[in-house]
Amino acid sequence: MDDSSRKIDLDKLFSYSDDLIKVLKDKRDINCLTQYLEQSNSLSSSCNADFNEVRSLLEDYQKKIDECKQKTAQARSEVVADAELDLLQKELEEELEKERTLGAELRACSIEFNDLEQKRISILERKKNLQKLEQDELRTQMMLSMYASVTNIIPNLDDQSKISGYIVEKDKNLVEKFEYDPSKMTALDVCNEIWKIVGS
């Protein structure tokens, strides 16, 4: 019975090991995990610094509150004048109010930090999309430039319902427009017509 349960556990362990090896072999997963780990460490460090600063402030206020309580207790035990007792009580309430305000500010900072992080992620995604669009546009411009230099034809890609563009002859300083309706002509006829214009 024990041998059977040990065998099942070892089989599970081998299966998990194989899965782990597959994940570790995929460099994309490693790069993504490394990047996420670096971002997580950066955010964790920033949050820890903020947390330590706020904790230090809270500890300072707690010390002041303790001192006020101690003074209040001492004042009551010594039966000091009512005016001094009221002053100490007021000081204690002010310190407690400061502590509440600081707690509210800490919550607001946390919400703002989360909001900024979401905006940062959104901006990075937009930047990536813009870079891709710019690369696609540059590639299209290069292709059009290559077509123009080889065939002296600049196609008009704005209107997909017709075949149109310009034939440019640099030597003669001429630009001739052409336009054909593909529903009325075959692609071969359009090609022949364009080459007639280029050859003339």
### Query
Linking I/L/V/M/F/W/Y whenever their side-chain heavy atoms sit closer than 4.5 Å, directly or via other members, would Ile163 and Trp195 fall into one cluster?
yes

### Query
Do NZ/NE/NH1/NH2 and the carboxylate oxygens of Glu193 and Lys196 come within less than 4.0 Å?
yes

### Task
State whether Asp66 and Lys63 are salt-bridged, where the test is any N-O pair (Lys NZ or Arg NE/NH1/NH2 against Asp/Glu carboxylate O) under 4.0 Å.
no

### Beyond-backbone contact of Thr140 with Met143, side-chain heavy atoms, under 4.5 angstrom
no

### Task
Look only at the side chain of Thr101 and the backbone of Glu97, and say whether a donor-acceptor pair between them is shorter than 3.5 Å.
yes

### Task
Provide the closest heavy-atom pair for Phe178 versus Tyr166 in the form atom of the first, atom of the second, distance.
CE2-N, 3.5 Å

### Query
Under 4.5 Å between any side-chain heavy atoms of Lys128 and Glu125, yes or no?
no

### Query
With the threshold set at 4.0 Å, does a side-chain nitrogen-carboxylate oxygen contact exist between Asp115 and Lys119?
yes

### Message
Just checking Arg100: does its CZ atom have more than 12 heavy atoms from other residues, nucleotides or ligands closer to it than 6.0 angstrom?
### Response
yes

### Query
Charged N to carboxylate O below 4.0 Å: is that the case for Glu117 and Arg120?
yes

#### Entry: Sequence neighbours excluded - side chain to side chain donor-acceptor pair (under 3.5 Å) pairs with any residue from residues 179-190
Lys162-Glu179, Asp181-Ser183, Thr186-Asp189

### Message
Is it the case that the side chains of Gln118 and Asn114 hold a donor-acceptor pair, with the cut-off being a distance below 3.5 Å and no angle test?
### Response
no

### Task
Using the side chain to side chain contact (heavy atoms under 4.5 Å, CB included) rule, take Glu91 and Lys64 through it: C-alpha gap first, then chi angles, then the decisive distance, then the call.
CA-CA 10 Å; Glu91 188 178 343; Lys64 290 180 181 179; over 6 Å; no

